Amino acid sequence: MLTVDKNALEIEFDVIIGLETHIQLSTASKMFCSCSADYANAAPNSHTCPICLGMPGVLPVINSKAIEYIVRFGLALNCNIPEYSKFDRKNYFYPDLVKGYQISQFDLPVCINGWVDIVVNGETKRIGITRVHQEEDTGKLVHMDTTEGENYSLVDYNRCGVPLMECVSEPDIRSAEEAREYLTKLRQIVRWLGIGTGNMEEGAMRCDANISIMPKGSKHWGTKVEIKNMNSINNVYEAIKFELKRQAHELKSGRIITQHTRGWDEETAETVFQRSKENSNDYRYFPEPDLPPLQLAHSYIENIRASMPEMPDVRGERFIRDYSLSPYDATLLTSDRKLADWFEEALGASKTASRAKLTSNWILNELFARLKETGTELTETKVKPFQLADLIGLVEQGTINNNSAKVVFEEMFATGKEAEAIVKEKNLAQISDEGTITAVVGEVIQNNPKAVADYKAGNPNTLNFLIGQVMKATRGTANKDVVRRLLEDRLA
């Protein structure tokens with residue numbers, strides 16, 4: 001296992017990282033034909049036709065929904081959307097590309113010159129976006145081993161032709177941590193817009209990392225090494241950390257780094273050599289002769305811009321400004337669009353800072369805990385936003401206390417019943433009547449003489465024990481403030 005002093009890397013070398021992220025779009029059909037793009041659970045090669053199988057003489061047709069989605073994504077990344085772009089043929093011969101070429105974009109992509117902000121260690125950093133271009137996905141190779149020791153591969157072309165975006169960052173990333181936050185932000189935006197799942201473990205989002213290091217103060221960038229097809233954000237993080245150490249070790253040992261492609265081996269937690277790196281001229285790009293240039297009218301782009309949702313960063317800032325939420329809570333609540341919507345639905349008409357903070361606490365603590373315990377998605381929970389609002393209202397009105405509210409919430413989560421009905425069924429209404437509480441306080445004092453003596457001897461912590469005994473006797477329904485006051489009066 002390669003070991004290099006991390007501090008030496010930080011002191012002696014500057015790090016340059018650029019990421020190429022491939023993102024599948026969740027359209028109903030493929031990029032250039034009418035085959036279903038829902039290939040995940042389909043029988044091998046069942047979602048294919050002469051077009052995506054590259055039969056001679058067939059003609060592709062551009063999927064308009066895919067173009068709408070990539071424009072949305074580009075606008076979310078603050079990109080310029082040229083009114084003129086085109087498709088190109090990218091030639092290379094792998095078994096998973098049945099045509100022997102991929103329809104992609106070379107010099108005139110749909111989206112150019114954008115940026116996205118990330119937060120690392122509490123500091124905001126802007127990462128430039130060079131381009132986002134539209135292309136088609138490849139098929140999938142399945143490698144097999146027989147009991148006789150023979151090896152062979154099978155090809156499933158169901159994925160071949162599924163709409164794919166490639167988002168290319170500027171080489172602005174300087175650490176594995178920044179790369180992780182950048183990918184997390186891209187995935188958040190994809191899901192927020194509803195244009196893809198961003199599920200890396202399913203292959204719906206994949207990442208290539210271009211990495212180089214150079215001596216501190218050098219004016220010449222180091223030779224880049226590409227790590228291909230990583231399928232989780234954590235893999236990207238670990239692969240970059242290892243590769244930076246490997247390159248530092250090579251340079252400190254007096255060896256030269258050559259441009260090549262590596263892969264990430266999860267079992268050994270190392271990057272491994274794959275092949276010499278191709279250059280763009282190796283792909284022999286030329287304009288796709290079977291597709292006309294893509295011309296996007298200014299009105300088309302502006303209509304999409306007008307229909308864009310409030311993006312997570314903007315919504316988070318609004319939560320902080322309008323609801324006085326902490327940046328931490330606002331970030332969590334805007335990590336997913338459905339969650340942000342759920343929060344604001346639970347607020348209803350009560351959009352005060354105090355109600356917002358209570359609602360945020362209930363969601364991020366009680367609701368999240370139940371979701372995690374039961375493996376339930378937010379969209380599957382039986383508790384509706386208005387029901388949580390009703391529960392918080394009962395606490396604010398003094399109908400129930402916080403302890404009882406948690407009992408009510410558990411029942412709501414399990415059954416979907418209304419809070420008020422559960423309070424009546426379980427007789428959980430808060431007791432604030434001083435006469436009733438006074439009687440219980442008297443019994444607790446009589447039954448706990450040692451605690452009373454300790455309190456009078458100067459041990460104030462004993463009071464909490466006595467309060468707990470009163471709460472226990474009333475099944476948690478007594479008003480704790482009244483209990484404390486009456487106990488202090490009796491023991492004075």
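What you are looking at is a predicted structure, and each value in this text was computed from that prediction instead of being measured. Along the sequence shown, residues are numbered consecutively beginning with 1.
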Quiz item: Heavy-atom count around K185 NZ within 6.0 Å, excluding the residue itself: above 12?
Solution: yes

Exercise. State whether the side chain of T331 and the backbone N or O of P327 hold a donor-acceptor pair below 3.5 Å, judged by distance alone.
Key: yes

Exercise. Quick one: do E344 and Y323 satisfy side chain to side chain donor-acceptor pair (under 3.5 Å)? Show the steps, please.
Key: CA-CA 10 Å; E344 294 214 88; Y323 303 142; 2.6 Å; yes

Quiz item: Closest heavy-atom contact between C111 and I81?
Solution: SG-CD1, 3.7 Å

Quiz prompt | Interatomic distance, K382 atom NZ to E411 atom CD [nearest 0.5 angstrom] | solution = 10.0 Å

Quiz item: Is there side-chain contact between C167 and Y182, with at least one heavy-atom pair below 4.5 Å?
Solution: yes

Quiz item: Do K372 and L367 have side-chain heavy atoms sitting under 4.5 Å apart?
Solution: no

Practice problem: Look only at the side chain of N158 and the backbone of H47, and say whether a donor-acceptor pair between them is shorter than 3.5 Å. | Solution: yes

Quiz item: Under a 4.5 Å cut-off applied to non-hydrogen side-chain atoms, are I213 and L251 in contact?
Solution: yes

Practice problem: Answer yes or no: is there an ion pair linking R315 with D341, defined by an N-O contact shorter than 4.0 Å? | Solution: yes

Quiz item: Do the side chains of M205 and L186 get nearer than 4.5 Å, heavy atoms only?
Solution: yes

Practice problem: Look at K252 together with E12 and state whether they make a salt bridge at an N to O cut-off of under 4.0 Å. | Solution: yes

Self-check item: Minimum-distance pair of heavy atoms, taken over all atoms of A330 and F319
Solution: CB-CB, 4.1 Å

Self-check item: Residue pair W192 / M311: nearest heavy atoms and the distance that separates them
Solution: NE1-CA, 3.9 Å

Quiz item: Is R159 close to Q24 at the side-chain level, that is, under 4.5 Å between some pair of heavy atoms?
Solution: yes

Quiz prompt | Non-hydrogen side-chain atoms of L164 and L25 separated by less than 4.5 Å | solution = no

Quiz item: Can you list the steps and then say if E238 with W264 is a side-chain contact (heavy atoms from CB on, under 4.5 Å)?
Solution: CA-CA 9 Å; E238 295 296 338; W264 173 246; 3.7 Å; yes

Quiz prompt | Verdict with reasoning, L77 to W115, per side-chain contact (heavy atoms from CB on, under 4.5 Å) | solution = CA-CA 6 Å; L77 296 181; W115 52 266; over 6 Å; no

Exercise. Look up atom CZ in F413 and atom OG1 in T381, then write down how far apart they are to the nearest 0.5 Å.
Key: 4.5 Å

Exercise. Determine, for E317 against R321, whether the closest basic-nitrogen to carboxylate-oxygen distance falls under 4.0 angstrom.
Key: no

Exercise. Give a yes or no answer on whether the side chain of S335 reaches the backbone of L332 with a donor-acceptor pair at less than 3.5 Å.
Key: yes

Quiz item: Can you name the nearest heavy-atom pair linking F343 to S360, along with the distance?
Solution: CE1-N, 3.9 Å

Quiz item: Considering residues, nucleotides and ligands other than Q446, do more than 12 of their heavy atoms fall under 6.0 Å from its CD?
Solution: no

Quiz item: Can you check whether I211's main-chain N or O pairs, donor with acceptor, with Q247's side chain at less than 3.5 Å?
Solution: yes

Quiz item: Under 6.0 Å from the NZ atom of K472, do we count more than 12 heavy atoms belonging to anything else shown?
Solution: no

Quiz item: Under 3.5 Å, is there a donor-acceptor pair between the side chain of K357 and the main chain of T352?
Solution: no

Quiz item: Do you see a donor-acceptor pair shorter than 3.5 Å between the side chains of S307 and R72?
Solution: yes

Quiz item: Between the side chain of E68 and the main-chain N/O of I304, is any donor-acceptor distance below 3.5 Å?
Solution: no

Exercise. Decide, yes or no, whether a salt bridge links E377 with K338 under the criterion of side-chain N to carboxylate O below 4.0 Å.
Key: no

Quiz prompt | Over 12 non-hydrogen atoms of neighbours within 6.0 angstrom of CG in N121 | solution = no

Quiz item: So W362 and F409, would you call those rings parallel, tilted or perpendicular, with 30° and 60° as cut-offs?
Solution: tilted

Practice problem: Decide yes or no on salt bridge (Lys or Arg N to Asp or Glu O under 4.0 Å) for E20 and R131, but give the supporting numbers first. | Solution: CA-CA 10 Å; E20 300 170 7; R131 55 188 280 148; over 6 Å; no

Quiz item: Passes side-chain contact (heavy atoms from CB on, under 4.5 Å), I118 versus I173? Steps please.
Solution: CA-CA 10 Å; I118 62 172; I173 299 169; over 6 Å; no

Quiz item: Short question: side chain of D329, backbone of L325 - any donor-acceptor pair under 3.5 Å?
Solution: no

Quiz item: Salt bridge check: are K30 and D137 linked by an N-O gap of less than 4.0 Å?
Solution: no

Quiz item: Between E135 and E166, is there a donor-acceptor pair closer than 3.5 Å when you use the side chain of the first and the backbone of the second?
Solution: no

Quiz prompt | D313 bridged to R318 by N-O distance under 4.0 Å | solution = no

Self-check item: Derivation of the salt bridge (Lys or Arg N to Asp or Glu O under 4.0 Å) call for E181 and K125
Solution: CA-CA 10 Å; E181 292 306 314; K125 179 172 182 177; over 6 Å; no

Quiz item: What's the shortest heavy-atom distance between T334 and P312, and which atoms?
Solution: O-CB, 3.7 Å

Quiz item: How about Y328: does its OH atom have over 12 heavy atoms from other parts shown lying under 6.0 Å from it?
Solution: no

Exercise. Provide the closest heavy-atom pair for N63 versus P163 in the form atom of the first, atom of the second, distance.
Key: ND2-CG, 4.4 Å

Quiz prompt | R370/E366 salt bridge by N-O under 4.0 Å criterion | solution = yes

Quiz item: Can we say D156 and K140 salt-bridge, meaning some charged N sits less than 4.0 Å from an Asp/Glu carboxylate O?
Solution: no

Quiz prompt | Full working for side-chain contact (heavy atoms from CB on, under 4.5 Å) between M412 and I422 | solution = CA-CA 8 Å; M412 289 170 61; I422 297 171; 3.5 Å; yes

Quiz item: Once you round to the nearest 0.5 Å, how far does CG of L466 lie from CZ of R490?
Solution: 11.5 Å

Practice problem: Could you grab the distance from atom NZ of K224 to atom OG of S212, nearest 0.5 Å is fine? | Solution: 9.0 Å

Quiz item: R191 and N199: side-chain donor and acceptor closer than 3.5 Å?
Solution: yes

Quiz item: What pairs with E243 under salt bridge (charged side-chain N to carboxylate O under 4.0 Å, His left out), at least two apart in sequence or on another chain?
Solution: R246, R262

Quiz prompt | Any side-chain heavy-atom pair of V110 and V132 under 4.5 Å | solution = no

Practice problem: Determine, for R180 against E177, whether the closest basic-nitrogen to carboxylate-oxygen distance falls under 4.0 angstrom. | Solution: no

Self-check item: Rounded distance (nearest 0.5 Å) linking atom CG of D172 with atom CZ of R126
Solution: 11.0 Å

Quiz prompt | Main-chain N/O of R174 paired to E178 side chain as donor or acceptor, under 3.5 Å | solution = yes

Quiz prompt | K426, NZ atom: more than 12 neighbouring heavy atoms under 6.0 Å | solution = no

Quiz item: Is there a side-chain contact between I400 and E420 (heavy atoms, below 4.5 Å)?
Solution: no

Exercise. Can you establish whether the number of heavy atoms outside E380 located under 6.0 Å from its atom CD is more than 12?
Key: yes

Practice problem: Mind checking the SG-CD1 spacing from C79 to I129? Nearest 0.5 Å is all I need. | Solution: 6.5 Å

Quiz item: Quick check: does any side chain N or O of S169 sit under 3.5 Å from a backbone N or O of L19, one acting as donor and the other as acceptor?
Solution: yes

